[in-house]
Protein chains: 2
Amino acid sequence: MKNQFTTPDGYTSDIAVFTITSESNGEYKPPLKKLKIMLIKRSEIDHEGNPNIEAGKWALPGGFVRPNETAFQAAERKLFEETGVDGLRIKHFGVYDSPSRDNRGWIISNAHYVIANESSLKKRKTTLDAQDIQLFSIEEALALELAFDHRAIMDDALWFIKKDMALTTLAKHFLPEEFVLSELQGVLLTVLDDPSISTDAAFFRKAPTLPFIEAVSENGKLKKSNAYSKTPAQLYRFTDFQPIVSVYRNKLKC
Amino acid sequence: MKNQFTTPDGYTSDIAVFTITSESNGEYKPPLKKLKIMLIKRSEIDHEGNPNIEAGKWALPGGFVRPNETAFQAAERKLFEETGVDGLRIKHFGVYDSPSRDNRGWIISNAHYVIANESSLKKRKTTLDAQDIQLFSIEEALALELAFDHRAIMDDALWFIKKDMALTTLAKHFLPEEFVLSELQGVLLTVLDDPSISTDAAFFRKAPTLPFIEAVSENGKLKKSNAYSKTPAQLYRFTDFQPIVSVYRNKLKC
DNA sequence: ATTAACAATTAACAAAACGTTAATTAATAA
DNA sequence: TTATTAATTAACGTTTTGTTAATTGTTAAT
């Protein structure tokens, strides 16, 4: 098709993939949890054997959207092509269209974020496009020189995750199906800073009453786990309940 | 610039402009408030005198983004060009890029919403692009056949407004600088459905304690207004406080 | 076998916030 | 003077919090 308007030189889809890793913190202790972002190191040459732009730099996975797909579909495709990972829950969060953001021309990026369970990233592997893939802690990632405006995209994605973690049951996607309260607490604390979560007594009193989690039972009795403690701890799972909050209803943090 | 990828046929910026109108409800009564959306009727011919696509249909204001601007800037520009309105607070909320959404080709729309004070829309006027401009109630707008996928965009925008109204001090942008509690209540009720807002006694007990509004004083004494009632009502204004809520802290609506 | 240690609770309770019902307060209109 | 009306305020019982102090079940070390 021909049209009378100047057209963009490209439409790309980028994905900021986050996960929370668990490091053992000694026997019978809840593991240390840390928020990480998965970045790829851009290959020296591209698919066609041409030198790759921003080669060698760390970047968000992503690439050009094809005319027969949406940016969302491209995100799924590129994530798999570049990192071998699939089946993740992808969410759009912004568009980056500053005229100077990519020196190849007028290129618009549709940005997404992903919350991944640590285990779902196990199958990641380097590819033609990505000579290296690593999980970086946020501090590490902030110290890197990222390709294009990926630093800004990552900053914004982080902000969205914090917001979603506080307002939705996002934590679910960072946890196994059945989990113990201290695991939930650990996940929340990687992103949120709130005494009602970090204070054990407050968190353990309130958490069991949250309407979006429920205690797991087996054969009529409550199912417990000793994975992280000597004392058996109750296992919980998320329900389908979608919590709603409002600044006009609830007590606010000052 | 030349590149090896298929490129989009256009990049557009669309804007869903919402306002809340006040209709007098009789003397000494708080006015009836209603959420409205501003739509334009697409002209038969475009700037260049060519027949316009989707001519005669009602649509969101918007148009093609130029290569030297961002979609955000285009939103400001087109809103002014098409409706004569400027100075509004514009927010991105989504991208519409389904390959079949526009039969001119592969056209990506960056969607925005605007919350406008009724008075700021006073200066709206028809233009070359818009043979008519009107404020529609949501029910009216839902009954129209809108151009392109603007119906879906409008639906999504509405959803974002409801969310923002509950989670942020968005209501501020629908109100005058100084307002009375019943006005705030009226604004909230156009979008939110919550007994703690619709029940007068509950709302009037809670509202004065909200940390993001403050009573207005003049010459050391509280400033009151009789605009909507015989009894003088306290005037309030929004502060800069940004409230934070969390599903892990607050009581949840079941 | 006892005991120390420790994470995961549970108990108890006071303080804060909420929801409701019933008054009170101007101002106006009758 | 009185009825009316919207905007408050008072009062009070109920929920929800935040906190401190116990309790429990298990392992590891006497």
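Hydrogens, waters and symmetry mates are skipped; everything else that's a heavy atom, side chains included, is used.
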Problem set entry | B:Asp156-B:Tyr96 side chain donor-acceptor pair, cut-off 3.5 Å | yes

Exercise. 5'-most contact on DNA chain D: A:Asn226 or A:Thr199, nearest heavy atom basis?
Worked result: A:Thr199

Exercise. Between B:Tyr113 and B:Phe93, what is the ring plane arrangement, given parallel below 30°, perpendicular above 60°, and tilted in between?
Worked result: tilted

Problem set entry | Those residues that, when tested against B:Tyr236, pass ring-ring contact (aromatic ring centres under 6.0 Å, His included) (two or more places apart) | none

Seminar exercise, completed: In whole angstroms, the gap separating C1' of C:dG19 from CD1 of B:Ile197 amounts to 14 Å

For this session: Under the side-chain hydrogen bond (donor to acceptor under 3.5 Å, both in side chains) rule, collect the residues that match up with A:Glu178, sequence neighbours excluded.
Result: A:Lys223

For this session: Answer yes or no: does a side-chain N or O of A:Lys206 lie under 4.0 Å from OP1 or OP2 of D:dT17?
Result: yes

Exercise. Can you name the ring-ring contact (aromatic ring centres under 6.0 Å, His included) partners of A:Phe18, sequence neighbours left out?
Worked result: none

Problem set entry | For A:Ser24, side-chain hydrogen bond (donor to acceptor under 3.5 Å, both in side chains) partners two or more places apart | none

Problem set entry | Whole-Å gap separating P (D:dT15) and CZ (A:Arg249) | 14 Å

Problem set entry | Heavy atoms of other groups near A:Lys57 NZ, more than 12 under 6.0 Å | yes

Problem set entry | Stem segments of DNA chain D by first residue number [Watson-Crick or G-U, under 3.5 Å, at least 3] | C:1-30 with D:1-30

Exercise. Base, sugar-phosphate alone, or nothing: which one does B:Thr209 contact when heavy atoms must sit under 4.0 Å apart?
Worked result: nothing

Nucleotide N/O to protein N/O under 3.5 Å, stretch nucleotides 5-12 of chain D:
from: D:dA6; atom 1: N3; to: B:Thr231; atom 2: OG1; distance (Å): 2.9
from: D:dA7; atom 1: OP1; to: B:Ser182; atom 2: OG; distance (Å): 3.0
from: D:dT8; atom 1: OP1; to: B:Gln234; atom 2: N; distance (Å): 2.8

Exercise. For the residue pair A:Trp58 and A:Phe136, does the interplanar ring angle fall in the parallel (under 30°), tilted (30 to 60°) or perpendicular (over 60°) class?
Worked result: perpendicular

